[in-house]
Protein chains: 2
Amino acid sequence: MVTIKQVSEMAGVSSATVSRVINNTDTVKEKTRVKVMDAMARLGYRHNVLAASLASKKTNTIGYVVPELHGSFFGNMMAGSEKVLRNANKHMFVATGHSDEKLEMREIEALLSRRCDALILHVEAISDDYLIHLAEQDVPLVIVNRYIKEIEENCISLDNELGGYLATRHLIDLGHSQIAYLSGSLFKADGVNRLAGHKRALSEAGLRFDEALMFEGDFQAQSGDAGIKALAKQERQYSAVVCANDEMASGAINALREQNKCVPEDVSVIGFDNVDFASYLTPGLTTIDYPMREIGEMAARWILNRAYGDHKMSLTHVLEPKLVLRGTTKQAAEK
Amino acid sequence: MVTIKQVSEMAGVSSATVSRVINNTDTVKEKTRVKVMDAMARLGYRHNVLAASLASKKTNTIGYVVPELHGSFFGNMMAGSEKVLRNANKHMFVATGHSDEKLEMREIEALLSRRCDALILHVEAISDDYLIHLAEQDVPLVIVNRYIKEIEENCISLDNELGGYLATRHLIDLGHSQIAYLSGSLFKADGVNRLAGHKRALSEAGLRFDEALMFEGDFQAQSGDAGIKALAKQERQYSAVVCANDEMASGAINALREQNKCVPEDVSVIGFDNVDFASYLTPGLTTIDYPMREIGEMAARWILNRAYGDHKMSLTHVLEPKLVLRGTTKQAAEK
DNA sequence: AACTGTAATGAAAGCGCTTACAGTTTCCTT
DNA sequence: AAGGAAACTGTAAGCGCTTTCATTACAGTT
């Protein structure tokens, strides 16, 4: 392996000078710069970032923890971060936590051991306390898709309550009044907040929240199907259903079709997240957009701002979801 | 930052011994091991992997280059790799090449600068020659989803020709004989090979390949739509269409519906890749499975085998695609 | 008690780079 | 031409660890 030393000898300068041309720090006379570049090329020199990081105490690396690598959800977020980090010449070290507390902690520890300059974390099992404690240490970290009051400055999240509100509000605007709600897991903050938004829209419109029209699923397509079937067992009528996410909406639509109900003619359906496949369904799924990419971008900006002192970036900590109109919702039938 | 030195002082041993207990190398008396562990805990010591890597010349890190982070395609592959690498205590450093030659080269260079122990590459713009040259260097690398004869040992790919064959063969088995083909870009190997498989199935069944029933798209949904429309402009009849990938199939299905043709009653459609949304369509899309996850696993195994000398793994270099039967294909109508 | 062979530990030389700090040139001013 | 500032370059001390080699401790033999 060719070292800076060998380059310096060939170029007839000191290794400090070689380092200077590599990093483009300080001033180096053009003539010697050329000599050094020449020597590097001739020797096929490759900078050793490891050694450089050790000496400079900066790795230009961001540690990234996501629950999973498969599926498009986190990929979109990472793509957002990657874009802004690339422009700043930072790289990403990614690890997965699999929604397991022990694993999440171990991965964070590993990232810290690698001396990442900062961390971007989407962790689901780790406690708030642990994160609060972590935030007080010397490594900057931003927590995405999660809101923790005590360290809200470090959090970037979506206003799920608003999303739930917008979904139901859209249905109400279309004239629906009997609106079912297929909820996600209620032990997750997202599930709770989306439902809360639903209720707010209802009460704002003077409609009563009907327990009988609500079903608690688990964010899987299967539970959307189950929800529709559970609803069918009761006598309660409904002309629209808001689902806690797109997977459940997909399951719900299929179940509805099995009952010979057309979407959106007989029943309007709205999802949440706007995952990749939402637009591939027929008709396209009306849903609430979860701007993962933007969140990823924002997280990266926060890092640039905080860990590298780039202060010319605007930051938002709570993003707003937006309605995405497609084909599964429709004006309510006249009474 | 607490160093090994401080730990060694507190424990009353040399730093070499501390290193030994950290890495669990050599033998250390249980009693001193406990003393050291104790000191580490008391001081809140965190191992500096950077320094360790520099000294040991091993980073336990695999560099990963994929075209994109968004979408689920590469995520599935990385998830496969991650699973097997985690078990071996290796980590991944990911970079994106965006199908741009300069970028791909730069990222590979960056990964090498970080002294990754090995590389897993899905690159699309870089030339075979460059990769062949790279493979001869000292860093082990595996190239996924691409086949290069000269370094086939380093390649892990899917038999796309077989996939194309299986798709068309399936339609033929269902009694179809007028089969349209919406191809992907023919400047890409995948596009060419899938088409070749299609032709082989045709000729094997004694059917003629009809240029008029073939359309070259670009793997995007939009081009599936365009393909169906182009087909409509000619008089040629067809009862089935094989698409070069699922996105195109989705586009084709929608276009078919616009022409009031039912899938699969009037026209059977088969896709390729089995992307995540394939099963969410109604009816579910019949397609050819592209086992990205397995490919990712295989790539990681190759690395373990090659870079870390773990020889108890079985390796396959060319994976076989499989037919995934869902609802978009159907027995041909009786003549 | 002297002797071995092995287990346990320490000393110290790096790994390849960065970065004060100091020293040397060069280039303007006056 | 002298003086000083500015530009450039070199010296050398680390960064925090691993690892070879040498040394010491110790249990088991004879």
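Residue numbering restarts at 1 for every chain, and letters A, B, ... go by the order of the sequence lines.
Near DNA chain C, defined here as any heavy-atom distance below 4.0 Å, the residues from residues 28-53 of chain B are B/Val28, B/Lys29, B/Thr32, listed numerically. Of the residues in residues 8-17 of chain A, A/Gly12, A/Val13, A/Ser14, A/Ala16, A/Thr17 come within less than 4.0 Å of DNA chain D through at least one heavy atom, sorted by number.
Open room surrounds CZ on A/Arg42; 12 or fewer heavy atoms of other groups in view lie less than 6.0 Å from it. Around the NE2 atom of A/His317, the shell of radius 6.0 Å holds more than 12 heavy atoms that belong to other residues, nucleotides or ligands.
Taking a pair to require two hydrogen-bonding distances under 3.5 Å in either a Watson-Crick or a G-U wobble arrangement, D/dG28 pairs with C/dC3.
A donor-acceptor pair shorter than 3.5 Å cannot be found between the side chains of A/Asn160 and A/Tyr290. Side chains of B/Asn145 and B/His122: a donor-acceptor N/O pair is present below 3.5 angstrom, by distance only.
The shortest distance between the side-chain N/O atoms of A/Lys57 and the OP1/OP2 oxygens of D/dG16 is below 4.0 Å. At D/dA7, none of the side-chain N or O atoms of A/Thr27 fall inside 4.0 Å of OP1 or OP2 (strictly under the cut-off).
Residue B/Asn23 is classed as a sugar-phosphate contact, given heavy-atom separations below 4.0 Å to backbone atoms only. Counting any heavy atom pair closer than 4.0 Å across all strands shown, B/Ser19 reaches a base atom.
The distance between atom NZ of A/Lys58 and atom P of C/dC17, rounded to the nearest whole Å, is 18 Å. If you measure from atom NZ of A/Lys5 to atom C1' of D/dT11, you get 13 Å, rounded to the nearest angstrom. The separation between A/Met1 atom CE and C/dC17 atom P is 10 Å, rounded to whole Å.
The CD1 atom of A/Ile156 sits 10.0 Å away from atom CE of A/Met77, with the distance rounded to the nearest 0.5 Å.
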